[in-house]
Amino acid sequence: MTPAELADAVALAVRDAVAANELPVEVGQVPLDIKVERPRSKEHGDYATSVAMIISKSAGKNPREVAEVLKARLEKVAGITAVDIAGPGFLNITLEAGAQGVLAENILSAGENYGHSQVLSHRIINLEFISANPTGPLHLGHARWAAVGDALGRVLSAAGAKVTREFYINDAGVQMDRFGASLQAAATGQDIPEDGYHGAYIPTLAAQVVQENPQIVNLEGSAQQTAFRDDGYRLQLKQQQEILEQFGTVFDVWFSETVLHASGDVDAAIETLRGQGHVFDKDGAVWLRTTEFGDDKDRVMVKGDGEKTYFAADAAYYLNKRARGFDQCMYMLGADHHGYVQRLKAIAACAGDDPKVNIEVLIGQLVKIVEDGKEMRLSKRAGNIITLEDLVEWVGVDAARYSLARSSADTPLTLDTKVLTARTNDNPVFTVQYAHARISSVLRNAVELEVIGEGEIASALQAAGPFDPALLNHEREGDLLGALAEFPRVVASAAELFEPHRVARYLEELAGTYHRFYDACRVLPHGDEEVTPLVLARLRLCAATRVVVANGLQLLGVSAPERM
RNA sequence: GCGCUCGUAGCUCAGCCGGAUAGAGCAACUGCCUUCUAAGCAGUCGGUCGCAGGUUCAAGUCCUGCCGAGCGCACCA
């Protein structure tokens, strides 16, 4: 019996009790979403629900009386061994061992689909993240989104959502000219302009441009600057794409802001919003009345000099996404851009949409990195920046992705280079990967001992003999089965709450639960011992655990090694 | 000044849209390898959940105020 099935059974018991007039609750008062949770303490059974306390008020009975009514019904449900009432009115439910054990078989047959669901099947989501300027390398802040955004995309897909991952290339505006001027200055031995880019990568990139296009030195003035801008842009973007590919973060769409302007989308967007009655002219500029929808001030779309603002492009981009059929536009922004949230929502509202439905903004706190106790500053305009490439070089893709994705995006994160470079078990990714490798080892040995045949593990187990789930009645086996049963709920809630880090935290717990099982329960026979049904049952449990660990790591974009 | 985000063990962080004695890893200390990977397991130590009120049968979780940290408040991108 899975948690979902148990929750359904509890819900049914409530509805039946109401229908039978055992609980004087109006039908409308019955909670639709009844929760069943795993208690921290084993004394509280396999699962517990607080539903009796929740409906006690509307039932006009005290919680324990309500619990009595539900207990009587739940005790008759197949697969439930015991129902106890505890504390103020908790229902503590104990399941039959066999009812839990069959899960191992179910997980094996579901394979890589175990954990997938359709809870978000109605959503068509545009997931935009990173969206860096193509004027420099991706840095640590981008790395966080590369890990979290990618994992979120995977989690949302697993929950049945139709997800398009998109990178908005901020390749328009004066910044690009400053970028070109900076490269030009670096290449021609002049001082980089005060308002230019001063990163250490600029001279390197400038040299690269010259190497690929030696003729550029013969150009002059603004023609040369434009050439540096365009060539530098191309090279820089390519470098960003390469490192992201190496990082395992893939995008479906690379969307150029310049194209948005050139296609006329920006002009069209202004007219569309004007048609909705939210655009006005003042002081020679064109404004959007965002204050009508909670913004602190109205925003300029077309400046007095006729230039369109970045904000105008944002509005056009939003409308473009909507026109492409996305009903939820997700933005992942750094904490230093949180001021944009209100105006983004205002755009949606001005367009006649519901910001609460159509816009979702996730704010990521900044990543700090310390070395020898002192913080290293991250600045694209100063030297000494820590890039995504550096991070991968130091700790590898797996450790980098995992350590960034295991924390909630809205907590400030401090990474210690000493810890990350040490390659010790300080990094929980090793514990999780180790569990996968350890299980793989057990399964390899099972083949070697000819307990099971070679080939695909699920069918090899199938061929080896029948499965008696009731044999998995050791306490540690029950713990492990309980943990495995949680996986679908973890993935679903990670998707619904946009919090992929829940998957990582779950995996850490699962790994610990497996290690404790492994310590207490010998799987393979010693020496001449016979292959008992218990051996086969435990092998199934091991194989099922490996499936879940692998599926979880897959959602995080982290590899699941068979040997370490 | 206005606004947003964050304050949980010595450190890094969880805490499942209010639930039972607040958790994990690391660090410190103590045990466990002739047996499937000891990158493991068992145990000890460690917290007035920033502070003060409020709502509730129940608050780390929700509301208000204060304190502290970071960041935003452009006809910049």
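Computation of the quantities below employed the complete heavy-atom set of this structure, encompassing side-chain atoms and omitting hydrogens, waters and symmetry-equivalent molecules. In the text below, chain A, chain B and the rest are named by the order of the sequence lines, each starting its count at 1. Values in this document were obtained by computation on a predicted structure and should not be read as measured data.
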Report yes if the ring of A/Phe90 lies under 5.5 Å from the six-membered base ring of B/G19 with planes under 30°, and no otherwise.
no

Stacked pair A/Tyr518-B/C41, distance under 5.5 Å, angle under 30°
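No.
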
So with a 6.0 Å cut-off around CD of A/Glu529, is the heavy-atom count from everything else above 12?
yes

Would the number of heavy atoms belonging to other residues, nucleotides or ligands and lying under 6.0 Å from CD of A/Glu496 be above 12?
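Buried by this count: over 12 neighbours within 6.0 Å.
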
If the cut-off is 4.0 Å, is [X] near the phosphate of [N], judged by side-chain N/O to OP1 or OP2?
X: A/Ser50; N: B/G19; result: no
X: A/Lys282; N: B/C75; result: no
X: A/Arg343; N: B/C73; result: no
X: A/Lys35; N: B/C16; result: no

[options]: which one has an atom nearest the side-chain heavy atoms of [X]?
X: A/Ser407; options: B/A42, B/A20, B/A14; answer: B/A14
X: A/Tyr434; options: B/G40, B/G19, B/C75; answer: B/G40
X: A/Ser408; options: B/A14, B/C41, B/G40; answer: B/A14
X: A/His515; options: B/C41, B/C76, B/U37; answer: B/C41
X: A/Ser41; options: B/G19, B/C41, B/U21; answer: B/U21
X: A/Leu524; options: B/U21, B/C76, B/C36; answer: B/C36
X: A/Glu499; options: B/A14, B/G15, B/C75; answer: B/G15
X: A/Ser493; options: B/A20, B/C76, B/C16; answer: B/C16
X: A/Arg444; options: B/U37, B/U12, B/C75; answer: B/U37
X: A/Arg563; options: B/C75, B/U37, B/U21; answer: B/U37

Return each pair, listed once, that meets salt bridge (charged side-chain N to carboxylate O under 4.0 Å, His left out) where at least one residue sits in residues 332-348 of chain A; pairs must be two or more places apart or across chains.
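Matches after skipping sequence neighbours: none remain.
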
Between the base of B/A38 and the side chain of A/Asp519, is one N or O donor paired with an acceptor at under 3.5 angstrom?
no

State which residues pass side chain to side chain contact (heavy atoms under 4.5 Å, CB included) with A/Ala4; sequence neighbours excluded, sorted by chain then number.
A/Thr2

Which part of the nucleic acid, if any, lies within contact of A/Leu413, taking any heavy atom under 4.0 Å across all strands shown: a base, the sugar-phosphate backbone alone, or nothing?
sugar-phosphate

Could you measure between the two P atoms, the one in B/A59 and the one in B/A22, and give it in whole Å?
13 Å

Taking the P atom in each of B/C26 and B/U56, what is the distance between them to the nearest angstrom?
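The answer is 43 Å between these two P atoms.
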
Centre-to-centre under 6.0 Å for A/Phe129 and A/Phe167, is that the case here?
no

Compute the centroid of each ring, for A/Tyr434 and then for A/His515, and state whether the two points are separated by less than 6.0 Å.
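Judged by ring-centre distance (under 6.0 Å), A/Tyr434 and A/His515 do meet the cut-off.
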
If pairs are Watson-Crick or G-U with both distances under 3.5 Å, what is the dot-bracket string of RNA chain B, marking crossing pairs with [ ] and pairs to another strand with |?
(((((((..((((.....[...)))).(((((.......))))).....(((((..]....))))))))))))....

For A/Phe255 and A/Tyr168, take the angle between the two ring planes, folded into 0 to 90°, and tell me which bin it lands in: parallel under 30, tilted 30 to 60, perpendicular over 60.
tilted

Protein N or O to nucleotides 59-63 of chain B N or O, pairs below 3.5 Å:
none

Residues in residues 475-482 of chain A with a heavy atom under 4.0 Å of RNA chain B, by number, are none

Taking all heavy atoms of A/Ser408 and all of A/Arg144, pick out the closest pair and write down the distance.
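What the structure gives for the nearest pair is O-NH2, 2.9 Å.
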
Atom-to-atom span, CG of A/Leu288 to P of B/C75 - whole angstrom
14 Å

Using the 3.5 Å cut-off, write out each protein N or O paired with an N or O of nucleotides 3-9 of chain B and the distance between them.
{"residue": "B/G3", "atom": "N2", "partner": "A/His338", "partner atom": "NE2", "Å": "2.6"}
{"residue": "B/C4", "atom": "O2", "partner": "A/His338", "partner atom": "NE2", "Å": "3.4"}
{"residue": "B/U5", "atom": "O2'", "partner": "A/Gln365", "partner atom": "NE2", "Å": "2.3"}

Quick one: does NZ or CZ of A/Arg438 land under 6.0 Å from the six-membered ring centre of A/Tyr514, within 45 degrees of the ring axis?
no

